[in-house]
Amino acid sequence: MCGVVGVVGTAAVNQLLYDAMLVLQHRGQDAAGIVTSDEQGRLHLRKDNGLVRDVFHAQHMRGLVGNMGIGHVRYPTAGTSSSAEAQPFYVNSPFGITLGHNGNLINARELKQALFATDRRHINTDSDSEILLNVFAQELLRFLDNGLTGDAVFNAISRVHQRAQGAYAVVGMIAGRGLVAFRDPFGIRPLVFGRRETGDGIEWMVASESAALESLGFELERDLEPGEGIFITPEGQLATRSCAPSPVLNPCIFEHVYFARPDSVMDNVFVHRARMRMGTRLGQKIRRIWPDHDIDVVVPIPDTGRTVALEMAHELGIKYREGFIKNRYIGRTFIMPGQTRRRKSVRQKLNAIGLEFRDKNVMLVDDSIVRGTTSREIVLMAREAGARKVYFASAAPPVRFPNVYGIDMPAANELIAHGRDEDSVCAAIAADRLIYQDLDDLVAAVQRGNRSIERFDCSVFDGNYVTGLAPDYLEYLSSLRADANMSEVESMGGEVLDLANKK
């Protein structure tokens with residue numbers, strides 16, 4: 001999972017990009033990058049491993065000049081966490097193009113081979129984002145007979161949709177010519193855009209989540225539709241077009257469960273309200289299947305479990321208590337590379353308040369259970385704090401299948417619910433009872449915010465992949481993933497690069 005942002009401004013955009021990336025930091029903690037374009041069409045790039053605040057210092061920000069730029073926060077899925085794979089990526093032809101991507105291409109192998117054999121393009125990393133950039137650049141070359149026009153850009157995006165399969169929300173920049181953004185024909189990954197008026201004209205921002213726009217004073221226009229492309233000139237002229245023949249909105253429901261900020265709106269669904277409804281439905285399920293429960297207190301696992309737990313407690317008429325103190329200087333364990341590192345970080349990240357657990361039957365509430373490592377550690381912490389019984393509720397159904405659309409859980413054998421029934425999972429996390437959200441209830445909780453969404457990507461729960469998969473794809477993806485290769489993030493120095501002479 002990654003976060004992308006692009007800005008066309010009336011003044012320098014480096015600070016806007018930096019601030020937006022801070023808002024999107026929850027989407028990726030592995031690497032960060034910004035590239036800007038100045039009035040002469042020069043590109044200025046800074047990217048490296050690390051958090052936004054660590055990658056960009058004053059001297060770097062001074063070097064990122066220009067009124068147009070894009071930014072990216074990344075964490076690795078398949079592949080390595082080398083700083084060479086930090087985004088945005090750059091290619092010099094045509095014009096000089098940079099690109100940042102959130103998602104995952106499921107036909108990256110085939111595309112890479114075609115780019116080399118047919119298009120004579122060299123791919124220098126294992127990142128499918130570099131592949132996507134080169135596909136777009138190659139297709140754009142085909143439509144430049146009349147120069148770089150909106151039609152040329154949209155025709156190139158249409159060709160990308162024909163060639164690329166999978167999930168992708170993209171921001172790109174053509175040096176000195178404009179900002180490009182597009183979303184895959186299923187709209188699996190989120191992408192929104194908005195505007196703000198200044199004394200010098202209109203500024204535009206495209207971002208993964210609406211919270212990034214709103215925090216910086218941009219008014220949300222809308223989500224990009226599935227298959228839609230946007231082209232914004234340096235002067236602020238915006239054009240949009242549907243670039244896919246039969247787009248069907250099929251957004252990832254896990255965004256609402258875990259990834260998205262609660263203050264974001266995705267496809268006209270308020271994330272906070274969707275999580276409230278998840279909690280209500282969990283409470284209703286407990287009353288239905290466990291009417292004689294002996295729960296004394298509901299305790300959330302911060303942060304995403306809070307909203308769900310509060311509404312569940314309200315539905316059940318049970319006390320809600322904060323039982324864990326979170327160390328906010330530890331990263332999100334779900335997107336932290338390395339199983340051993342995840343286990344260790346849980347104890348560093350959370351500390352139990354004994355008063356809230358001692359001699360009580362406690363219902364812990366979390367957004368989901370993926371690997372189960374964190375859940376088990378937290379259950380054990382609750383017992384050590386004096387809980388009499390520890391129950392566990394998940395706002396999501398059992399995660400039984402690999403994700404292929406850009407979420408860091410591609411290997412089935414890493415998923416605690418894969419091949420296990422609920423009782424076995426309950427025993428594995430050392431809980432006294434486990435309550436999962438039903439998939440129909442989860443869908444209903446999100447869909448109520450926008451009833452025009454007929455279908456969500458629920459593949460991690462039901463194994464239905466809307467794009468289809470090659471027979472050997474899951475095996476191939478699993479082979480790319482080894483915790484030993486992900487356990488340590490390489491530390492490599494980054495530089496502010498002036499790409500002007502490479503155009």
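The side chain to side chain donor-acceptor pair (under 3.5 Å) test applied to Y465 returns no partner, not counting sequence neighbours. The salt bridge (Lys or Arg N to Asp or Glu O under 4.0 Å) test applied to D19 returns no partner, not counting sequence neighbours. Applying the ring pair (Phe, Tyr, Trp, His ring centres under 6.0 Å) criterion to Y168, with sequence neighbours excluded, gives H161. Qualifying salt bridge (Lys or Arg N to Asp or Glu O under 4.0 Å) partners for D472, counting only residues two or more places apart in sequence or in other chains: R109. Scored by the ring pair (Phe, Tyr, Trp, His ring centres under 6.0 Å) test, H57 finds H60 as partners (sequence neighbours excluded). Contacts of R159 classified as side chain to side chain donor-acceptor pair (under 3.5 Å), with partners at least two apart in sequence or in another chain: E139, Q162. Looking at residues two or more places apart in sequence or on another chain, you find no side chain to side chain donor-acceptor pair (under 3.5 Å) involving R273. Every residue meeting the salt bridge (Lys or Arg N to Asp or Glu O under 4.0 Å) condition with D151, not counting sequence neighbours, appears here in chain and number order: R241. Remark: R189 engages E255 in a salt bridge (Lys or Arg N to Asp or Glu O under 4.0 Å) (not counting sequence neighbours).
Residue pairs meeting the ring-ring contact (aromatic ring centres under 6.0 Å, His included) criterion with at least one member in residues 186-208, sequence neighbours excluded, do not occur. Residue pairs meeting the side chain to side chain donor-acceptor pair (under 3.5 Å) criterion with at least one partner in residues 3-13, sequence neighbours excluded, are T10-T198, T10-E203.
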Side-chain donor-acceptor contacts of residues 242-253 below 3.5 Å, not counting sequence neighbours, with atom names and distances?
residue: N250; atom: OD1; partner: R455; partner atom: NE; Å: 3.3

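Under 4.0 Å is where a charged nitrogen must lie from a carboxylate oxygen, and between R222 and E228 at least one such pair does.
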(request) Check step by step if side-chain contact (heavy atoms from CB on, under 4.5 Å) holds for S129 and H72. (result) CA-CA 12 Å; S129 302; H72 187 273; 5.6 Å; no

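Judged by the 6.0 Å and 45° rule, K349 forms no cation-pi pair with F324.
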